[in-house]
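Lettering follows sequence order; numbering is per chain, from 1.
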2 protein chains.
Amino acid sequence: MVTIYDIAEHAGYSIATVSKALNNKKVSEKAKQKILDAVEELHYTPNSSARTLATNKSWMIGVVFGENLGIGIAHPFFSQVIEGFKKHAELYNYDLLFVSRHMGLGQETYKHLLHRGVDGIVIVQSHGEDEIGKLNHAIPTVYIDRPTNEPGTVYSDNLTGSKLAVNHLVENGHTKIAHIMGEQTTFAGIERAKGFKKAMREQGLPVREEYLVDGGFYSHAGGREAMIRLLSLNDRPTAVYVAGDVMAIAAMKVTKEWGLRVPEDISFVGFDDIKLAKHVDPALTTIRQDKGLIGQQAAIILLDKINTQGSTQNVDKKMVPVSLIKRDSVHRLA
Amino acid sequence: MVTIYDIAEHAGYSIATVSKALNNKKVSEKAKQKILDAVEELHYTPNSSARTLATNKSWMIGVVFGENLGIGIAHPFFSQVIEGFKKHAELYNYDLLFVSRHMGLGQETYKHLLHRGVDGIVIVQSHGEDEIGKLNHAIPTVYIDRPTNEPGTVYSDNLTGSKLAVNHLVENGHTKIAHIMGEQTTFAGIERAKGFKKAMREQGLPVREEYLVDGGFYSHAGGREAMIRLLSLNDRPTAVYVAGDVMAIAAMKVTKEWGLRVPEDISFVGFDDIKLAKHVDPALTTIRQDKGLIGQQAAIILLDKINTQGSTQNVDKKMVPVSLIKRDSVHRLA
DNA sequence: TCTCCAATCGAAAGCGCTTTACATGTGTAA
DNA sequence: TTACACATGTAAAGCGCTTTCGATTGGAGA
């Protein structure tokens, strides 16, 4: 391995000067040039561990994924958020460290992150206990789509999303509107349901108990089951607002299996705007979450925290706007 | 920060002994116990940079994602593969480092990985130049779904996959079978097309030029366009084998838009078995790739390389089996 | 009691870098 | 010519850990 000593010798300067030259500290042009030449010639690559040890700065951000459904990185929503996060963070030369997590979101994970010396932590898990937050530790942290005591959370404007969905349905003549809720232990699920009820009330529409069904963790199976319950009702809704696209797609499918037409008999509005939403039949009208922007905002907040380290009053929460994407799954009632 | 010195002092031993105790080297039971107690009491966490510096082992594996379509981590196929990889790697206490890649898959990326001192590299990119492979460097590397000169690649058995698809179609009475190919600069795209032709020949069926259309990078748009070309033919195929599920779903959609019935008028077989394959209408018959297993195999190969460092003859290539998943998109011809 | 050996522990060097505090050299003003 | 300020470079310490090799100790055997 070629070290700073080799460069120093080759260039005829001390290692201190080499270090300065490489870190853009004050050295003469001549020295800098000679050193850079040597670096080039010897194919020198600085050792990040040594640098981290000396500076106490790792240029790594720890990523903690929840275990929801055990899919981790492959989660359709979170992976896009992280992609947005990464795009921003790498502009500032941070790498992302995905740590082992057979330990869960607990003390062990935090200890491991501490061990790794990450400069910041981004937590991507929508439910479960917030053990790390409780530790009130020293590492700057940002949360995505999850409530927390600590400042630094980014999430979609779920309330407005629900409102957009309900209003769109109402504008199309629907009054018998059901809601397939997301898991009621998740922040998003709770907020969307809350938004649904609020929007219905604002429209002067009743929120019927039997039109409120829990679809669980946003899965196909959950959406299917929830829809079956709705279909089994004597007085079926004419439209259903579903708290997640995956559930919505499953719901549409089972509706068709029951011999009903979508959207003529039952209309659907989803939430997320996953890639396939526009490719199913009928194309799904949905509330789009800007995953990339969520990730980017989280990165901005975290980098700010890292750079100011509590000196300034940090951003508390950041709500990212959502939008209604009209496609073909909503029918206009006569 | 509490260091090994604090532990040493607290426990009444030297730092050397502390280090040994923590690394399960030979120390007396008594010493070990006292040291462990001190660790507990002072909330000591070892510093990985220091350890890495001293041992030249980072316990990190670098992950290089391709930029195909700019989706990176959120790629529906690769993210699942990486998830499988991670599950295995973390059993052995490795963390995954996703490095910045505004640099692409070139020398710069490799330099950065070297800088980080990762113990191994997993390359997840299906096409483009293999700059890193060319460098014939020292860091153990494994490739996923991509040909390489270096030993250490994992990929699905694309040839057999194509054969399964074609045979299934033939068994259902189809003879006019088209193929929407994946991008012909990707390994998978090439192999699947090759397998298609081979299987057709084996069945004694002609491979008609106009039944072979390129869908590009496995995207919705590509699948749609390719299908339109097929639909525009005077003599349409009765079945099409599509090299990717996303393209297949787009193809089915446009077929229905053209007023044809799926699968009665045209049958479809996809490739991948993405999550939504079974939730579209009709549910897509497809060739399943075992993404988790691919990732796991890659991890096994890489860890083996890391641990043997060229001393043994390493595994060259590893082909992961695929399977036919029968659903509702194939119609039996009378 | 003395010798010898095995078990146990510790001093110190070293991993590759940054940074402080000081030494040297150069040019400028008096 | 002398004094001084500034620019430039360096020695050395330190970041937190591992590991080698020698020192110390205690017990077994004679």
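The nearest whole Å value for the distance from the CZ atom in B:R116 to the P atom in C:dC17 is 14 Å. Rounded to whole Å, atom C1' of C:dA7 lies 14 Å from atom NZ of B:K30. Distance CD1 (A:I15) to C1' (C:dC15): 13 Å, rounded to an integer number of Å. When the P atom of C:dC9 is taken as reference, atom NZ of B:K32 falls 12 Å away, rounded to whole Å. Here the P atom of nucleotide D:dC17 and the CD1 atom of B:I7 are 9 Å apart, to the nearest Å. In this structure, OH of A:Y5 is placed 8 Å from P of C:dC15, rounded to the nearest angstrom. Atom pair A:Q33:CD and D:dG9:P shows a separation of 13 Å (rounding to whole Å applied). Atom CG in B:D6 sits roughly 11 Å away from atom P in D:dC15 (whole-Å rounding).
For B:A54, counting side-chain heavy atoms from C-beta on, the closest listed nucleotide (C:dC9, C:dC15, C:dT18) is C:dC15. Checking D:dC17, C:dC9, C:dC17 against every side-chain atom of A:A50, the shortest atom distance belongs to C:dC17. Distance from the side chain of A:L53 is smallest to C:dG16 among C:dG16, D:dA11, C:dC9.
Contact between the side-chain N/O atoms of A:N23 and the OP1/OP2 oxygens of C:dT18 is found at a separation under 4.0 Å. OP1 or OP2 of C:dT18 has at least one side-chain nitrogen or oxygen of A:R51 nearer than 4.0 Å. Contact annotation: A:S49 does not reach the phosphate of C:dC17 (side-chain N/O to OP1 or OP2, under 4.0 Å). In this structure, B:S14 reaches the C:dG10 phosphate: one of its side-chain N or O atoms is under 4.0 Å from OP1 or OP2. Of the side-chain N and O atoms in B:K20, none sit less than 4.0 angstrom from OP1 or OP2 of D:dT18. The phosphate of D:dC17 has OP1 or OP2 within less than 4.0 Å of a side-chain N or O from B:Y44. Neither OP1 nor OP2 of C:dC17 sits under 4.0 Å from any side-chain N or O of A:S19. Side-chain nitrogen and oxygen atoms of B:K25 include none within less than 4.0 Å of the OP1 or OP2 phosphate oxygen of D:dT18.
Using a distance-only test at 3.5 Å, with no hydrogens or angles considered, a donor-acceptor pair links the side chain of A:N47 to the main chain of A:S49. Although no hydrogens or angles enter the test, the distance criterion places a donor-acceptor pair under 3.5 Å between the side chain of B:D119 and the main chain of B:W59. Remark: side-chain polar atoms of B:T141 are paired, donor with acceptor, to backbone N or O of B:I139 under 3.5 angstrom. Looking only at distances, a side-chain donor or acceptor of B:Y218 sits under 3.5 Å from a matching main-chain atom of B:G189.
Counting heavy atoms of neighbouring residues, nucleotides and ligands inside a 6.0 Å radius, atom CG of A:N56 does not exceed 12 of them.
Nearer the 5' end of DNA chain C, as judged by each residue's closest nucleotide, is the contact made by B:G12, out of A:T45 and B:G12.
Within the nucleic acid shown, B:Y13 comes within 4.0 Å of sugar-phosphate atoms alone, with no base atom in reach, counting heavy atoms only. Residue B:T3 is classed as a sugar-phosphate contact, given heavy-atom separations below 4.0 Å to backbone atoms only. Note on A:T17: a base of the nucleic acid sits closer than 4.0 angstrom, heavy atoms only.
Note that NZ of B:K111 is 7.5 Å distant from NE2 of A:H43, once rounded to the nearest 0.5 Å.
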